[in-house]
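Data first, discussion second: the structure below is written as structure tokens.
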Number of protein chains: 2
Amino acid sequence: MKLGQATIKDIARELNLSASTISRALKDYPGISDETKRKVKEMAEKMNYRPNAIALSLRKSRSFTIGVIIPEVVHFFFSTVVSGIEEVAQSRGYNVILVQSNEKLEREISSIETMLSNQIDGVLVSYSKETNTFEHFTRVLDQGFPIVFFDRAPQIPGAINVMVDDYQGAFDATTHLISQGYKNIVHLAGPPSLKITRDRANGYKAALEKNGLPVHPDHIIPCPLGTVEESQKLVSELLSSSAVNPDAFFACNDIGAVGAMMACRDAGLKIPLDVGIVGFSDWQFCSMLEPKLSSVAQPGTLMGAKATEILLDIIEKKIDPETMEKSLVLETKLMDRDSSKRF
Amino acid sequence: MKLGQATIKDIARELNLSASTISRALKDYPGISDETKRKVKEMAEKMNYRPNAIALSLRKSRSFTIGVIIPEVVHFFFSTVVSGIEEVAQSRGYNVILVQSNEKLEREISSIETMLSNQIDGVLVSYSKETNTFEHFTRVLDQGFPIVFFDRAPQIPGAINVMVDDYQGAFDATTHLISQGYKNIVHLAGPPSLKITRDRANGYKAALEKNGLPVHPDHIIPCPLGTVEESQKLVSELLSSSAVNPDAFFACNDIGAVGAMMACRDAGLKIPLDVGIVGFSDWQFCSMLEPKLSSVAQPGTLMGAKATEILLDIIEKKIDPETMEKSLVLETKLMDRDSSKRF
DNA sequence: TCAAAAAGTGCAAACGTTTGAATAGGGCTA
DNA sequence: TAGCCCTATTCAAACGTTTGCACTTTTTGA
């Protein structure tokens, strides 16, 4: 790009050698005399030569760049995943191009197009809440283009997914509440379009059933927006109506759990004495709250790292996407803190 | 990249035309018959043609990609900045390559190198805590390569900086505490290498002086690590020693403020009755704490957006880096919540 | 002493696109 | 019917690398 950026040709001219010799000398190819290599490297240093990765990409049809599409950047969990992705990519010599879909399908589609135009080697995707068709993914997957999905993974045959064991995490959280003597546990669910929402709800139900507790459909409250205000309002309404009389909340995410905490406090209920609360994701702030919020920790950084390793292995043909294991499920860990411990 | 990706040449062969005609037809250049344009576009559509951005970059010596170097991704403030950057870049047709330095100077240096290799059009930087030399920046700046610094901005002559008015923010926060009747205000400072640390400390001191309160050097406590545990420990020690008898804390960041809250609670002090606390940055969790934490809000997304606009304007030569205003200072806003309100 | 092998280097094409200049064919005017 | 100007198209070079092959020159072996 730079006006004054030295190229291989410049070095060649300066040294009265051909471009091919320079190229080979810099790469320590056999068949170039040590004397020439020395001179070339010296001159490259002196002229502040920097290889042009764009030209290399064109030549090799490889950009050493991967794309990442996430719903939003300002999101604790996704930021941990991105951190893991960036870490592994950097260490293996790849660049990371980042875009956020802002939970918009349209943006997701255009991002994929731009990335393909940019000759990206592969892409990591967590799709948006709005995404109800996967045609934009299958179209490129069918061309043999490598995509690895993480966290929010579609039900596409043959797609490679890296997820967390949402079912088990929810099961553990609910079981924990039951073991602490809570009997009337309400689940604050997420947006219905996401598989993780269904898995967590199923884990919740399974834990109730296993412990002989009834599963009431009206104990599952969808919180599609995912804001503190939303869950606070819903829980407040629930507490003031006489129909349900909850003594615990298992929320699909920590934001929802905070809303529940606030609503309970407003209603004069003591946590964890009167009401137990467990969230999901174990965001940074959980241990800063009073009482400290119990939550199901998801290994975000690990998820990003694993997904990237798989993607790069596919790109570098170290593994075959046809025959490989199609989904990797990572374990969650219940962080039981004050908000759910009666004993 | 893709094996089966159609190129201009493929279309040319298919239609028995030359590559140049295809190129011009696709771009609606004059001098191509409407009939040909129609046929070309039809065929392009049919063959699922996607322009190769890499080839274009090589030809035009422009990659339409900007680099972003930040200390860490998992950091609320930086994630808001990145969000603003990504937003503007995307809307103006640029890609964003993201790297995190992990607060390491070495990583910062190698990232800049890689990015230059990748023919990036410009770069946005917030430097690491470790960075004590700016030679790696000045070297490329001197070549006329566009760099815009944000938040953590170096004292390099001619460098373009986008910052927040840290001095004024700290001044406002301290003044607010004084107006609430707190008299013995301790400042929890940040890593000494950062300019923002000094600015915030200066704002704190100025507010004390303006209100006729003494400035004790031992009332300024450095917290270089920036963890909750660190500030909790330091504040606990301070409270148990008889030397200083603080009735308020103004922390350089919200994490430090949380540590102070915890230490006060441990010491049996009531917030805001016995002790007032104000943080800096207004992280998401501030309003989730009990009591809600007062904090100085920084416009992160706006900062990212502004910095990107300036960078792209320089890249596109809409403004001249020589003659332009060298630094943009954004206003902070004190969010006074429960943790600092006695009245 | 001469051919053959080895060592060192250069040529040219390729990756996919853009673009200034050249060309071909046609219709018009004088 | 020559000269000219359009219009539509093609040629060829360029961006910076890499790489198979060809070409010198030197060294080796018999």
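Every chain is numbered from 1, with letters handed out A, B, ... down the list of sequences.
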Please list, for nucleotides 26-28 of chain C, all pairs of protein and nucleotide N/O atoms separated by less than 3.5 Å.
none

Identify every side-chain donor-acceptor pair in residues 17-26 of chain B under 3.5 Å, counting partners at least two apart or on other chains, and give the distances.
residue: B:Ser18; atom: OG; partner: B:Ser20; partner atom: OG; Å: 3.1
residue: B:Ser18; atom: OG; partner: B:Thr21; partner atom: N; Å: 3.4
residue: B:Ser18; atom: OG; partner: B:Thr21; partner atom: OG1; Å: 3.1

### Message
Please determine whether a side-chain nitrogen of the Lys or Arg among A:Arg92 and A:Glu316 lies less than 4.0 Å from a carboxylate oxygen of the Asp or Glu.
### Response
yes

### Message
Please verify the inter-ring angle class for B:His75 with B:Phe77; under 30° counts as parallel, over 60° as perpendicular, anything in between as tilted.
### Response
perpendicular

## Note on the structure
With B for base contact, S for sugar-phosphate-only contact and - for none (protein heavy atoms under 4.0 Å), nucleotides 6-13 of chain D reads --BBBB--

### Task
Give a yes/no answer on whether the side chain of A:Lys60 brings an N or O atom under 4.0 Å of OP1 or OP2 in D:dT19.
yes

### Short side-chain N/O contact to C:dT17 OP1/OP2 from B:Tyr29, under 4.0 Å
no

### Message
In this structure, how many angstroms lie between the P atom of C:dG16 and the CG atom of A:Leu56, rounded?
### Response
15 Å

## Note on the structure
Whole-Å distance, B:Asn52 CG to C:dT18 C1', equals 13 Å

### Query
Between the side chain of B:Ser126 and the main-chain N/O of B:Ile70, is any donor-acceptor distance below 3.5 Å?
no

### Task
State whether B:Lys9 places a side-chain N or O below 4.0 Å from either non-bridging phosphate oxygen (OP1 or OP2) of C:dC15.
yes

### Task
Measure the acute angle between the ring planes of B:Phe64 and B:Tyr94, then classify it against the limits of 30° and 60° as parallel, tilted or perpendicular.
tilted

### Task
Give a yes or no on whether a salt bridge exists between B:Lys41 and B:Asp28, defined as a side-chain N under 4.0 angstrom from a carboxylate O.
yes

### Query
So, B:Thr131 and B:Ser128: side-chain donor and acceptor under 3.5 Å apart, yes or no?
yes

### Message
By the 4.0 Å heavy-atom rule, please label A:Ser23 as base, sugar-phosphate, or nothing.
### Response
base

### Task
Nearest whole angstrom, please: distance from the C1' of D:dC15 to the CD of A:Gln5.
14 Å

### Message
Under 4.0 Å, heavy atoms only, any strand: does B:Lys27 hit a base, just the sugar-phosphate, or nothing?
### Response
sugar-phosphate

### Task
Consider only side-chain N and O atoms of B:Gln100 and A:Ser83, and report whether a donor and an acceptor are under 3.5 Å apart.
yes

